[in-house]
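In each ligand, atom 1 is the first atom listed, and ligand 1 is the first ligand listed.
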Amino acid sequence: MCGIIGYTGSRQAMSILLKGLENLEYRGYDSAGLSILNDVEGIRTFRSAGKLENLKNLISAEGENASQEGSSGVGHTRWATHGAPTEQNAHPHSDCTGDLIVVHNGIVENFSEIKEALEKSGHVFTSETDSETIPHLIESLLLETKSIDEAVRNAALRIRGANAIVVISKSEPGKILAVRIGNAGGITIGYGEGEMYVASDLPALIEHTTNIAHLNGDEIAIIDKNTATFTDLSGKLIPKTPT
Ligand code: GLU
């Protein structure tokens with residue numbers, strides 16, 4: 001079972017994401033990665049096969065040359081189902097522009113038909129995963145609507161299988177969208193003071209907050225640093241209070 005952690009707030013996301021991934025290691029994984037969003041430099045993604053230690057080493061080696069600042073981002077530990085456990089297949093995955101970032105837990109059962117259609121319309125894939133169809137699908141749906149919320153909802157309606165998906169975009173820094181389709185591994189939203197978290201599992205959140213809300217199947221959370229709004233896949237608001 002893979003692990004997912006997301007953060008948006010005012011603190012540096014990098015160390016929060018790495019610590020969150022450490023706390024999810026017990027779930028088992030074969031590769032790991034994270035993306036940080038920085039208002040000035042955009043998105044920086046780091047991915048590595050094998051243990052989290054490899055990812056940390058990669059980040060410290062690259063850190064000397066480039067900024068790792070950013071107050072929102074997502075991290076993932078992968079348990080490969082489609083594609084070998086390589087750096088190329090590690091999450092996060094992105095769309096063609098690199099502006100849309102996705103981490104994913106589960107299996108997109110209809111990924112080959114979605115991928116084939118997207119490739120026909122010019123999308124270029126860089127991994128063997130089913131997961132990479134998700135950012136490209138959202139990208140293509142963004143041509144029909146300018147709203148990322150709507151594009152993510154429409155993508156969720158086309159994806160079959162049990163899936164947990166977390167999305168960030170350069171076009172809306174500080175915003176995180178989390179989707180649970182069917183009976184996928186959990187998505188928990190954590191409420192902090194002027195900061196919010198999303199995680200596949202409580203151990204990633206417990207040191208930050210015990211104020212949480214869970215996503216049920218076919219629900220979406222739209223999160224910024226102050227709050228989360230919940231809808232179903234048609235966009236209808238779902239009242240939910242953290243407990
Ligand atoms: N099916 C996806 C992959 O192979 C996600 C696996 C997971 O849940 O970690 O990349």
Side-chain angles (χ1 to χ4, degrees), residues 1-6 17-18 20-35 45-55 58 73-96 98 100-119 123-139 152 155-156 158-168 176-188 198-205 214-215 217-221:
M1 285 289 279
C2 83
I4 289 177
I5 172 84
L17 296 180
L18 280 172
L21 291 179
E22 255 173 44
N23 292 343
L24 293 170
E25 275 192 292
Y26 74 95
R27 289 165 69 101
Y29 65 101
D30 52 44
S31 52
L34 56 81
S35 294
T45 294
F46 302 86
R47 301 185 301 183
S48 176
K51 288 288 164 204
L52 211 47
E53 209 49 41
N54 299 348
L55 180 67
L58 176 79
V74 288
H76 185 267
T77 45
R78 178 178 184 235
W79 192 258
T81 64
H82 291 63
T86 59
E87 180 187 332
Q88 196 86 341
N89 289 333
H91 299 210
H93 290 288
S94 73
D95 66 346
C96 292
L100 202 68
I101 296 289
V102 167
V103 291
H104 166 231
N105 171 8
I107 294 174
V108 179
E109 285 171 6
N110 54 337
F111 88 95
S112 51
E113 93 197 32
I114 295 175
K115 185 171 177 176
E116 201 182 310
L118 288 168
E119 279 180 327
H123 289 261
V124 177
F125 285 73
T126 58
S127 81
E128 304 158 329
T129 64
D130 53 331
S131 310
E132 198 192 348
T133 54
I134 303 168
H136 289 280
L137 180 60
I138 299 169
E139 180 185 19
V152 168
R158 291 183 196 203
I159 288 167
R160 286 206 290 279
N163 294 281
I165 299 162
V166 177
V167 183
I168 57 171
I176 301 177
L177 294 111
V179 191
R180 188 171 181 211
I181 306 171
N183 190 22
I187 291 269
T188 303
V198 55
S200 51
D201 227 357
L202 279 179
L205 300 182
H214 294 290
L215 275 194
D218 300 334
E219 287 183 352
I220 299 189

Exercise. Dump the intermediate steps for salt bridge (Lys or Arg N to Asp or Glu O under 4.0 Å) on Asp218 and Arg180, then the final yes or no.
Key: CA-CA 5 Å; Asp218 300 334; Arg180 188 171 181 211; over 6 Å; no
Quiz item: Heavy atoms, side chains only, cut-off 4.5 Å: are Leu177 and Val166 in contact?
Solution: no
Quiz item: Can you find an N/O atom of His82 closer than 3.5 Å to an N/O atom of ligand 1?
Solution: yes
Quiz item: Within the side chain of Glu132, is there an N or O that forms a donor-acceptor pair under 3.5 Å with the backbone of Thr126?
Solution: yes
Quiz item: Under 4.0 Å from any heavy atom of His91, which atoms of ligand 1 are there?
Solution: 3 (C), 5 (C), 10 (O)
Self-check item: Student check: side-chain heavy atoms of Asn163 and Asn105 closer than 4.5 Å
Solution: no
Practice problem: Number the atoms of ligand 1 from 1 as they appear, then name those within less than 4.0 Å of a heavy atom of Trp79, with their elements. | Solution: 6 (C), 7 (C), 9 (O)
Self-check item: Ala84 backbone acceptor or donor facing Asn89 side chain under 3.5 Å
Solution: yes
Quiz item: What is the ring orientation for His91 with His104, classed by angle as parallel under 30°, tilted 30 to 60°, or perpendicular over 60°?
Solution: parallel
Quiz item: Side chain, backbone, both or neither: which part of Thr81 comes within less than 4.0 Å of ligand 1 when only heavy atoms are counted?
Solution: both
Quiz item: Atoms of ligand 1 less than 4.0 Å from Arg78 heavy atoms?
Solution: 3 (C), 4 (O), 9 (O), 10 (O)
Quiz prompt | Location of contacts on Asp130 toward ligand 1, heavy atoms closer than 4.0 Å | solution = side chain
Quiz item: To which of Gly161, Gly28, Ser131 does the heavy atom nearest atom 2 (C) of ligand 1 belong?
Solution: Ser131
Quiz prompt | Nitrogen or oxygen atoms of Cys2 and ligand 1 under 3.5 Å apart | solution = no
